[in-house]
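Below is one structure, written out as structure tokens; the observations come after it.
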Amino acid sequence: MMMTANEVRESYKKFFEAHGHKIVPSAPMVIKDDPTLMFTNAGMNQWKDIILGTKDPGRDVRRVDSQKCLRVSGKHNDLEEVGHDTYHHTMFEMLGNWSFGDYFKEGAIDMAWEYLVDVLHLNPADLYVTVFEGSEEEGLERDDEAAAYWAKHVPADHIINGNKHDNFWEMGDTGPCGPCSEIHVDSRTPEEKAKVPGRELVNKDDPQVIEIWNIVFMQYNRKADGSLSPLPMHVIDTGMGFERLVRMLQDKHSNYDTDIFQPIIKEIENLSGMKYGQTEDVDVAMRVIADHLRAVAFSIADGQLPGNAKAGYVIRRILRRAVRYAYTFLGQRSAFMFKLVPVLVQEMGGAYPELPAQQELISRVMKEEEDSFLRTLEKGINLLNGDMDELKAHGQTQLDGASAFRLFDTYGFPLDLTELICREHGFTVDAKGFDEEMAKQKARARNAAVVENGDWEVVKEGEQEFVGYDYTEYECHILRYRKVTQKKNTFYEVVLDFTPFYGEMGGQVGDQGVLVSENETVDIIDTKRENNQSIHIIKELPKDIDANFMACVDTDKRSASAANHTATHLLDYALKQVLGDHVEQKGSYVDATTLRFDFSHFQKVTDEELRQVERLVNEMIRQDLPLDEHRDTPLEEAKRMGAVALFGEKYGDKVRVVRFGPSCEFCGGIHARSTGRIGFFKIVSESSVAAGIRRIEALTGKNCEDAIYLMQDTMMALKGMFNNAKDLTAAIKKYIEEHDDMRKEIERFQAQAVERTKVELLNRASNVNGVKVVKAVLPLEANTAKDLVFKLREAQPENLVAVIGSTAGDKPLLTVMFSDDMVRSHELNAGKIIREAAKLIQGGGGGQPHYAQAGGKDLDGIHQAVDKVIELLNL
């Protein structure tokens, strides 16, 4: 009987569990505390610190998991292929088994073979394996050891040499790496296999002869200079493409034909009324939507909302790509993807409980993003239609590359969509010019983001110990350092053997302070977190790198930051009490002066609710609740304590629990010793971040005190403005009422003036070939000029041309109005005409065929601009 996808995933974990591996949960797909990576794009990401030797693996040296991955940027970028072929994906699952200093090549190869052949019953004759052929330039020989172990299972002609590109695995330009063996499966028909042996199609991009498993023998660390050094321990890192494996087992020719994607595709059919498997464009669109749905939903569940920068922009781009396919090929003019979330939760919620737990949030965020982009899409299409009208008017047939790129950059229009719309109207697009503009933008981005890391220079052997929970000063030595260049700025990163400095993590900024030796003091300007270590940022290296140092944290900034962090815990607790248990932290940022807290809630928090929250937090502050800290607590024990865990966070086997009275959370950050040290808590704003996500910004301690002084000063100043009125509210209310009365009176006078001016202009208007032409330059504001030309149109509904130049203020304004019959009979367009005339006032503008306005910089040119409009009419 054919195995379902869920059964395959479970069988993999159970097989390796039976071989001594601990089943571990997937790490979040969104990476929050690794400056080198935005998304988990390989199973090894969460084990980098172990592989690099900065963290001990403990007792569990064998592990197995199913890891959520995302590949859409950087070296591993498959986005444009997704949907167009049978096997590329954005979000995918990687089945992985791990050995940290335990078994190596032989064990990994034997277990892989046993699972594929004895458990899954794949035909051995269809399996081909590759081994690293060696590299003269690296000084590496062929991996004869792996080849010998494979020879126990497959014939010699099924063992294929692979080059450095295919069979030497590297995470990036630097970092852990090593030779690898890939396992490929030939799923062609017997007739096809008889014509061409499978070995000839391995790594040749044949869609039916594909790699399903990569076994990496991680034994080197790539340095910045390109050289290789041995890792502290040999590591087995395997990654099997779950989607590809299921395809093999279910005897399908496409990943999208498996039960991983088919339930989603069938729901797309139901919602769109279209059928999969009939037309290529519709099929591609459905595949894109099914794939991208998973990527966006899992990202939101892991705490990454669509946005305009970094990881948020990547997620927004994926979602918009799917919306665009639904719009263009499935005829969807309203939000569509969010309706697919229930079927995704039904299919994958058992393996990934974060999906059902946050289903409502995922749906709301997705719908809001879809609605927003559809509005943008409509604006872009209107702009493109205007560009095509302009081309037609000038007898041109090709849209220039710069305009096409503007549509892409501003409105999210990919080139193929612009080409499609243009083609439907008989136009082409300068694709080469578009590519040139894209290349310029990428070059700008690369130049802005380029970071050059030197190799770590080892001063002293040893590993770092963090002592910052107990100390703000500690004696230490420099273990290693490296030079970093970014945006032409050079600084140094330093690792200490003992450090009280907290590295930025979990929304709390890193500590600042100094390194003090007998002869010098070095400023630590920031502390980052990388591979489970605090990395200290300094501008210049100490003159004596081997000296004994005292690491001293800036305690004023530390205390203020800690108070704000503790206040976020109290705020989280208070929000749950006031709004309900559905409240879930979705992000935070705290430093010495800032407290920002994002949380899930589906409506605006009322002023009364905010006041309740403030009162509850301040009550806990006055109680001076002490910090009750539990370090190295087993994960399950922490959960039994009632500690709140956050979706999208990575937790190890042991965690730190922080409790302040009723508030109890998993947390690795720095906190106040008691709530009383927060002083006072005041919410200053509550706003929406995204659908279902609210943001509170607040002040604590001295910042609250300063804010109260500022409010008092403001109130005193206001009282002074109102003659120190005893009842300031009543005085301001009276002033506003009087102001409103005067504004209405002024508007009445203005309306009368416009009426008089209208009559005078119509009486002075000239008659040109039966057309009444009104032109004048008057000292009018923009709104008054607009009112005037509409009054003229109302009084003269036919055969009217009105051109008014305005000189109010220090900038000129041009206003043009045509009657409808003039637009029709003379094919006039006020928007186009005004753009040309506005050049004479060094400005620009636009509008509709019958009405337009344009502003400028040159007052002296306003008379010429008015005359230019009349000239362009050719009456």
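A quick note: this is a predicted structure, and the numbers were derived from the prediction, not measured. When a residue number appears, it is its place in the shown sequence, counting from 1. The figures here come from the full heavy-atom set of this structure, side chains too, leaving out hydrogens, waters and symmetry mates.
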Legend entry - Minimal non-hydrogen separation, Ser600 against Ile693, with atom names: CA-CD1, 4.3 Å
Inset, instruction - Determine whether Thr815 and Tyr851 make a side-chain contact, defined as any pair of heavy atoms from C-beta on separated by less than 4.5 Å. - result: yes
Legend entry - Donor-acceptor contact below 3.5 Å, side chain Asp302 vs main chain Met29: yes
Legend entry - Met286 versus Ser272, closest heavy-atom pair with distance: CE-OG, 3.9 Å
Inset, instruction - Before giving the answer on side-chain contact (heavy atoms from CB on, under 4.5 Å), spell out for Phe242 and Val8 the whole-Å C-alpha distance, their side-chain angles and the decisive distance to 0.1 Å. - result: CA-CA 8 Å; Phe242 175 66; Val8 173; 4.1 Å; yes
Legend entry - Leu361 to Ala691 - nearest heavy-atom pair and separation: CD1-O, 3.8 Å
Legend entry - Nearest heavy-atom neighbours spanning Phe329 and Ala285: CB-CB, 3.9 Å
Legend entry - Test item: Glu267 side-chain N/O and Val343 main-chain N/O as donor-acceptor pair under 3.5 Å: no
Legend entry - Short side-chain donor-acceptor distance under 3.5 Å, Asn167 and Thr130: yes
Legend entry - Under 3.5 Å donor-acceptor, Glu370 side chain and Phe336 backbone: yes
Inset, instruction - Look at Arg188 together with Asp186 and state whether they make a salt bridge at an N to O cut-off of under 4.0 Å. - result: yes
Legend entry - Salt-bridge contact Glu360-Arg364 (side-chain N to carboxylate O under 4.0 Å): yes
Legend entry - Lys/Arg-Asp/Glu bridge criterion (N-O < 4.0 Å) met for Asp371, Lys367: yes
Inset, instruction - Could you tell me the separation between the CZ atom of Arg294 and the OG atom of Ser299, rounded to the nearest 0.5 Å? - result: 11.5 Å
Inset, instruction - Could you walk me through whether Met337 and Ile289 pass the side-chain contact (heavy atoms from CB on, under 4.5 Å) test, one step at a time? - result: CA-CA 7 Å; Met337 283 182 65; Ile289 293 165; 4.1 Å; yes
Inset, instruction - Could you note down all residue pairs passing ring-ring contact (aromatic ring centres under 6.0 Å, His included) where residues 243-262 supplies at least one of them, sequence neighbours left out? - result: His89-Tyr256, His89-Phe261, Tyr256-Phe261
Legend entry - Exceeds 12 heavy-atom contacts within 6.0 angstrom, atom CD of Gln398: yes
Legend entry - Non-hydrogen side-chain atoms of Asp387 and Arg406 separated by less than 4.5 Å: yes
Inset, instruction - Would you kindly say whether Glu93 and Ser66 are connected by a side-chain donor-acceptor distance under 3.5 Å? - result: yes
Inset, instruction - Sequence neighbours left out, what passes side chain to side chain contact (heavy atoms under 4.5 Å, CB included) with Thr4? Give chain and number order. - result: Asn6, Glu7, Asp259
Legend entry - Backbone N/O of Phe405 and side chain of Glu437: donor-acceptor pair under 3.5 Å: no
Inset, instruction - Could you list the residues that satisfy side chain to side chain contact (heavy atoms under 4.5 Å, CB included) with Ser26, not counting sequence neighbours? - result: Gln67, Lys68, Tyr352
Legend entry - Any side-chain heavy-atom pair of Val185 and Ile210 under 4.5 Å: no
Legend entry - Note: Arg316-Glu368 ion pair, threshold 4.0 Å (strictly below): no
Legend entry - NZ/Lys164: more than 12 non-hydrogen atoms of other groups inside 6.0 Å: yes
Inset, instruction - Work out which heavy atom in Phe92 is nearest to a heavy atom in Glu243; give both atom names and the distance. - result: CA-OE2, 3.3 Å
Inset, instruction - Would you mind listing every salt bridge (charged side-chain N to carboxylate O under 4.0 Å, His left out) that reaches into residues 812-840, with sequence neighbours excluded? - result: Glu390-Arg835, Arg793-Asp820, Glu836-Lys839
Inset, instruction - Measure the shortest side-chain to side-chain distance between Phe39 and Thr90 over non-hydrogen atoms and say whether it is less than 4.5 angstrom. - result: no
Inset, instruction - Please name all residues satisfying side chain to side chain contact (heavy atoms under 4.5 Å, CB included) with Leu391, sequence neighbours left out, ordered by chain then number. - result: Gln396, Leu399, Phe427
Inset, instruction - Can you tell me which residue pairs pass the ring-ring contact (aromatic ring centres under 6.0 Å, His included) test with a partner in residues 359-378, sequence neighbours excluded? - result: none
Inset, instruction - Kindly check if the number of other-residue, nucleotide or ligand heavy atoms within 6.0 Å of NZ (Lys204) is above 12? - result: yes
Inset, instruction - May I have the step-by-step check of side-chain contact (heavy atoms from CB on, under 4.5 Å) for Leu813 and Ile841, ending in yes or no? - result: CA-CA 8 Å; Leu813 179 76; Ile841 54 173; over 6 Å; no
Inset, instruction - Considering non-hydrogen atoms only, spot the tightest contact between Ala322 and Val288 and give its length. - result: CA-CG1, 4.0 Å
Legend entry - Verdict with supporting geometry, His292 and Leu319, side-chain contact (heavy atoms from CB on, under 4.5 Å): CA-CA 6 Å; His292 290 9; Leu319 186 143; over 6 Å; no
